[in-house]
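As structure tokens, the structure follows; a few thoughts come after it.
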Amino acid sequence: MDKKQLKKSGGEPLVRIAKREGVPFWKAWGVRVIAVILALIVCAIFIYLVTKLNPIQVYKVMLEGSFKSKYKVLCTLRDTALLLGIGVALAPAFKMRFWNIGAEGQVLMGGLATAAVMVYCNELPAWLLFVVMLAAALCAGAIWGLIPAIFKSKWDTNETLITLMMNYVAINIVLCVTNLWRGEKSSMGTINMHTKAGWFPEIFGYRFILNIIIIFVLAIAMFIYLKRSKHGFEISVVGESANTAKYAGINVKKVIIRTMLISGAICGICGFITVAGRDQTISTATAGGYGFTAIIVAWLAKFNSFYMALISFLLIFLENGAAQIASAYSSLNDYAASIITGIILFFILGSEFFVNYRFVFRTKAAKEVKG
């Protein structure tokens, strides 16, 4: 709108976007619930138009993807824990406005370090082997997080590009090392299959129960760290304004490096529990793309560990549900199932706009001036 038009309309555009302040808890979650309901309605229309199937039946099958059996429920919790763990790792970096897009690579490096200890140190006593595996994973993930932090703090480089590119470096390192380990075999295979050295112990008959426990503890610890600790306060100040943080006497470079060490180390732990507690092997698919999905988790939850748990569960539920309906209905292939998931995610992400912003229409007074 040019100056003449603005003058005629009282200087105000027909519609503008304004940020909401102090949105009540019930109202914010009400908007999100409405978004999910609308998404389900749109998905139902899509399902019927494309396949003529009963949408209710399709949704029932979708539920079976996560809840059909005890094993599926536990697998859903296992995958939720992994996604939550990576989201927890990203939370301090994102709160600091350091866009760590390299979680995928940091998880892979942690997993690779874990696998290396399992391969070369498998004769150690069980307790010592686990300690060395954990230490190696922590260090590998932390180093992979430290590199972009140094570049950012010293030369103010673009952390998004560096962390993203380091994912591909990590993938190729894993490919190179696993090729050396497997020799002439077609795949890496299960590490220490006969001795089970470095494998998590079974709890209630499942090895990955320990994964869930570890991530649960990490989520609570991160919530306390960000909300109650001095370091968490410094992260918040740096995230709001680096200049303000410097004026307040906070060493911004130190905060960046420390925070990325923590972020990378937690990603390394996620690699450790994935290799030792779930896969017992290492490959480029170990992180499963969760390093990128966790970006949505951390951002939507506004870095709150408990909200991240809910969002992680929702995303895993959608992923499992899409796979289940794709296998149950020949007319709903993987692509159609992914469209359903995409529609739901689109509405959920869109709801955040209406939680944080509102449309403001031209006031009556401005209309009268125009008249």
Side-chain angles (χ1 to χ4, degrees), residues 19-32 77 80-101 103 106-107 138 141-142 145-146 149 152-153 159 211-270 273 290-291 293-315 348 351-352 355-356:
K19 187 171 178 62
R20 294 183 189 272
E21 299 293 342
V23 181
F25 175 85
W26 64 268
K27 191 172 183 179
W29 281 96
V31 171
R32 295 181 180 114
L77 293 176
T80 298
L82 177 58
L83 183 57
L84 171 61
I86 302 174
V88 164
L90 292 177
F94 281 9
K95 192 169 186 178
M96 188 179 62
R97 296 296 190 269
F98 186 105
W99 310 118
N100 179 14
I101 315 299
Q106 291 154 25
V107 172
L138 278 168
L146 176 63
K152 177 68 175 179
S153 61
E159 70 275 12
N211 295 23
I212 299 170
I213 295 171
I214 291 171
I215 296 301
F216 178 75
V217 172
L218 278 175
I220 294 175
M222 182 56 70
F223 180 83
I224 295 170
Y225 178 77
L226 291 178
K227 293 288 185 181
R228 305 297 181 193
S229 72
K230 177 187 174 184
H231 289 179
F233 172 74
E234 290 177 345
I235 288 171
S236 297
V237 176
V238 172
E240 290 295 327
S241 170
N243 291 330
T244 302
K246 291 176 183 176
Y247 183 78
I250 296 173
N251 188 329
V252 175
K253 292 182 180 180
K254 182 179 177 181
V255 173
I256 290 173
I257 290 174
R258 182 182 65 213
T259 303
M260 279 304 294
L261 278 171
I262 293 171
S263 182
I266 296 176
C267 283
I269 292 175
C270 292
I273 66 171
Y290 285 178
T293 309
I295 296 170
I296 300 173
V297 172
W299 190 251
L300 281 181
K302 294 181 172 58
F303 324 122
N304 184 302
S305 297
F306 301 108
Y307 292 162
M308 280 193 276
L310 292 174
I311 295 168
S312 297
F313 180 80
L314 174 62
L315 294 178
I348 292 172
S351 70
E352 291 304 305
V355 169
N356 295 293

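The structure displayed is predicted, hence computed values, not measured ones.
- Note: F94 CZ to I101 CD1 = 4.5 Å, rounded to the nearest 0.5 Å.
- V238 has its side chain out of reach of R97: every pair of non-hydrogen atoms, C-beta onward, lies at least 4.5 Å apart.
- Remark: Y247 OH is loosely packed, at most 12 non-hydrogen atoms of other residues, nucleotides or ligands lying under 6.0 Å away.
- Taking CG from L90 and CZ from F98, the interatomic distance works out to 11.0 Å, rounded to the nearest 0.5 Å.
- For the atom pair Y307 OH and F223 CZ, the distance stands at 9.0 Å (nearest 0.5 Å).
- Residues A103 and C267 share a closest heavy-atom pair of CB-SG, 3.8 Å.
- The two residues V252 and A242 have their closest heavy-atom pair at CG2-O, 3.8 Å.
- Looking at every heavy atom in both residues, S229 comes nearest to G232 through OG-N, 3.0 Å.
- In this structure, M308 CE and F303 CZ are separated by 8.5 Å, a value rounded to the nearest 0.5 Å.
- Other residues, nucleotides and ligands contribute at most 12 non-hydrogen atoms within 6.0 Å of the NZ atom of K27.
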Audit row: L82, I215, side-chain contact (heavy atoms from CB on, under 4.5 Å) steps and yes/no | CA-CA 7 Å; L82 177 58; I215 296 301; over 6 Å; no
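- A donor-acceptor contact shorter than 3.5 Å links the side chain of T259 to the backbone of V255.
- Here the side chains of L226 and I235 are in contact, with some heavy-atom distance below 4.5 Å.
- Contact of the P92 side chain with the K95 side chain is not registered, since no non-hydrogen atoms from C-beta on lie closer than 4.5 Å.
- Atom-to-atom distance recorded for M260:CE and Q106:CD is 5.0 Å, nearest 0.5 angstrom.
- Summarising the geometry of A219 relative to S305, their closest heavy-atom pair is O-OG, 2.9 Å, with the distance given to 0.1 Å.
- Looking at R32 and E352, a side-chain N of the basic residue comes within less than 4.0 Å of a carboxylate O on the acidic one, giving a salt bridge.
- Using a 4.5 Å cut-off on side-chain heavy atoms (C-beta onward), I266 and M222 make contact.
- Pairing each heavy atom of A28 with each of V355, the nearest pair is O-CG2, 3.7 Å.
- C270 and G85 make their closest contact through SG-C, 3.5 Å (heavy atoms, listed as atom of the first residue, atom of the second, distance).
- The pair K254-E234 fails the salt-bridge criterion, with no side-chain N (NZ, NE, NH1 or NH2) lying under 4.0 Å from an Asp/Glu carboxylate O.
- Counting heavy atoms of neighbouring residues, nucleotides and ligands inside a 6.0 Å radius, atom NZ of K230 does not exceed 12 of them.
- Side-chain contact check for I348 versus I296: every heavy-atom pair is 4.5 Å or farther apart.
- The CG atom of L310 sits 10.5 Å away from atom OG1 of T80, with the distance rounded to the nearest 0.5 Å.
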